[in-house]
**Q** 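One structure is given below, represented as structure tokens, and several questions about it will come after.
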Amino acid sequence: MAGPAPSSPSTIPPQPTALRVLVTGFGPFSTVKVNPSWLAVKPLHNTTLHTLDPAARPIHITALEVPVTYTDVLFLTPRFHASPPVLPSPRDPAVAPYPPPADGFDFILHVGVAGPGPMRAEKRGRKVGYNTPDAEGRLCAPVPTEDGDAVGPNAAPPSGAGQVRSMLYDWARSFAAYLDPPVRGFGKGYEAFQDELFTEVDSDALIGYLKETGFTVCPCL
């Protein structure tokens, strides 16, 4: 498997023949004031490495910090994968990216923070189950039920209640949400997707290669 050459990267504009790679890290949230995932990928920004095959094809890397909010993730991530990609302006002008490739990035790697232990290569993404407040203290929106209604405290009141929401009505809905919390996750626009999606990347081969190069890494379902 070809990988980046161990030589020092250089901050030069991407060559026309370069593979274009986007690597994202996350910003601060909760008690994580400086996110290690962004610290890990930031030094790679606007660097050029080369594959190990005889062609030594250049690999230009763009690093980007993504805010830890449900709104930003849902808004930004689809645009990363578009053709051409749409990247937000960075908080730090020192990490401004070169214009992305018109036909899209060749490879996108999302890096996050986890608990103690080795690096983990995630194999699966989930559509629901996002019940923790984000960096702004906001919850992910409830996913509509089969009858088209969203359940939980963020749902709109029934039409009979009109715009007048009494304290008793609010209390009743809060108590009902406590007893039967809503399913939160990616709802509108993601109806056609399964609740779980598995990566097409050969994770076992990737982990094997990383171990051969000295990294301690394990699979994560």
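What you see is a predicted model, and the numbers here were worked out from it, not measured in a lab.
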**Q** Does Leu19 offer a backbone N or O that forms a donor-acceptor pair with the side chain of Asp106 under 3.5 Å?
**A**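 Looks like no, no N/O pair under 3.5 Å.
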**Q** Say you draw a straight line from CD of Glu191 to CZ of Phe193; how long is it, rounded to the nearest 0.5 Å?
**A**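 Glu191 atom CD to Phe193 atom CZ measures 10.0 Å (nearest 0.5 Å).
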**Q** Rounded to the nearest 0.5 Å, what separation is found between the OG1 atom of Thr77 and the CZ atom of Phe186?
**A**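 Result: 7.5 Å between the selected atoms.
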**Q** Give, for atom CD of Glu136 and atom CG of Asp72, the distance between the pair rounded to the nearest 0.5 Å.
**A**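 Going from the CD atom of Glu136 to the CG atom of Asp72 covers 7.0 Å.
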**Q** Using 0.5 Å steps for rounding, measure from the OG1 atom of Thr69 to the CG atom of Asp134.
**A**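 That separation rounds to 5.5 Å.
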**Q** Mind listing the closest non-hydrogen atom pair of Pro85 and Pro100 along with its distance?
**A**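 Here Pro85 and Pro100 meet closest at O-CG, 3.5 Å.
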**Q** If we ignore hydrogens and angles and just use 3.5 Å, is the side chain of Thr213 paired with the main-chain N or O of Tyr209 as donor and acceptor?
**A**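 Side chain of Thr213 to backbone of Tyr209, a donor-acceptor pair under 3.5 Å: yes, one is there.
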**Q** Looking at OG1 of Thr216 and CE of Met119, how far apart are the two atoms once the value is rounded to the nearest 0.5 Å?
**A**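 Those atoms lie 7.5 Å apart.
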**Q** Leu39, Val41: one ILVMFWY side-chain cluster at the under-4.5 Å cut-off?
**A**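 In one cluster with Leu39: Val41, no.
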**Q** Under the side-chain contact (heavy atoms from CB on, under 4.5 Å) criterion, do Thr62 and Phe80 qualify, and how do the steps go?
**A** CA-CA 11 Å; Thr62 297; Phe80 297 160; over 6 Å; no
**Q** Work out which heavy atom in Cys140 is nearest to a heavy atom in Gly185; give both atom names and the distance.
**A**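 The answer is SG-O, 3.4 Å.
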**Q** Please confirm whether the backbone N or O of Ala96 pairs with a side-chain atom of Asn46, one donor and one acceptor, at under 3.5 Å?
**A**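 Judged by distance alone, yes, a pair lies under 3.5 Å.
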**Q** Indicate the atoms forming the closest heavy-atom contact of Thr199 with Ser203, along with that distance.
**A**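 Scanning both residues, the minimum pair turns out to be CG2-OG, 3.7 Å.
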**Q** Show the atom names and distances, to 0.1 Å, of all donor-acceptor pairs under 3.5 Å that link a side chain in residues 20-31 to residues at least two apart or in another chain.
**A**
| residue | atom | partner | partner atom | Å |
| --- | --- | --- | --- | --- |
| Arg20 | NH2 | Pro99 | O | 3.1 |
| Thr24 | OG1 | His110 | ND1 | 2.8 |

**Q** Would Lys123 and Asp204 pass as an ion pair if we require N to O under 4.0 Å?
**A**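 Counted as a salt bridge, because a side-chain N and a carboxylate O are separated by less than 4.0 Å.
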**Q** Using every non-hydrogen atom in the two residues, find where Pro58 and Thr17 come nearest and quote the distance to one decimal.
**A**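 Shortest heavy-atom contact: CG-OG1, 4.0 Å.
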**Q** Under the criterion side-chain contact (heavy atoms from CB on, under 4.5 Å), I'd like the reasoning laid out for Phe105 against Leu87: C-alpha separation, chi angles, the key distance, then a yes or no.
**A** CA-CA 11 Å; Phe105 286 100; Leu87 304 182; 4.2 Å; yes
**Q** Between His45 (side chain) and Val95 (backbone), is there a donor-acceptor pair under 3.5 Å?
**A**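 Yes.
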**Q** List the residues meeting ring pair (Phe, Tyr, Trp, His ring centres under 6.0 Å) with Phe107, not counting sequence neighbours, and say none if there are none.
**A**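 Result, ring pair (Phe, Tyr, Trp, His ring centres under 6.0 Å) vs Phe107: none returned.
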**Q** Side chain of Thr51, backbone of Arg57: donor and acceptor closer than 3.5 Å?
**A**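 Yes; judged by distance alone, with no hydrogens or angles, the pair exists.
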**Q** Quick one: does any side-chain atom of Glu212 pair with a main-chain N or O of Leu210 as donor and acceptor, under 3.5 Å?
**A**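 Checking the backbone N and O of Leu210 against the side chain of Glu212, no donor-acceptor pair under 3.5 Å is found.
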**Q** Roughly how far, to the nearest 0.5 Å, is CG of Leu49 from CG of Leu44?
**A**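 Taking CG in Leu44 and CG in Leu49, the distance rounds to 7.0 Å.
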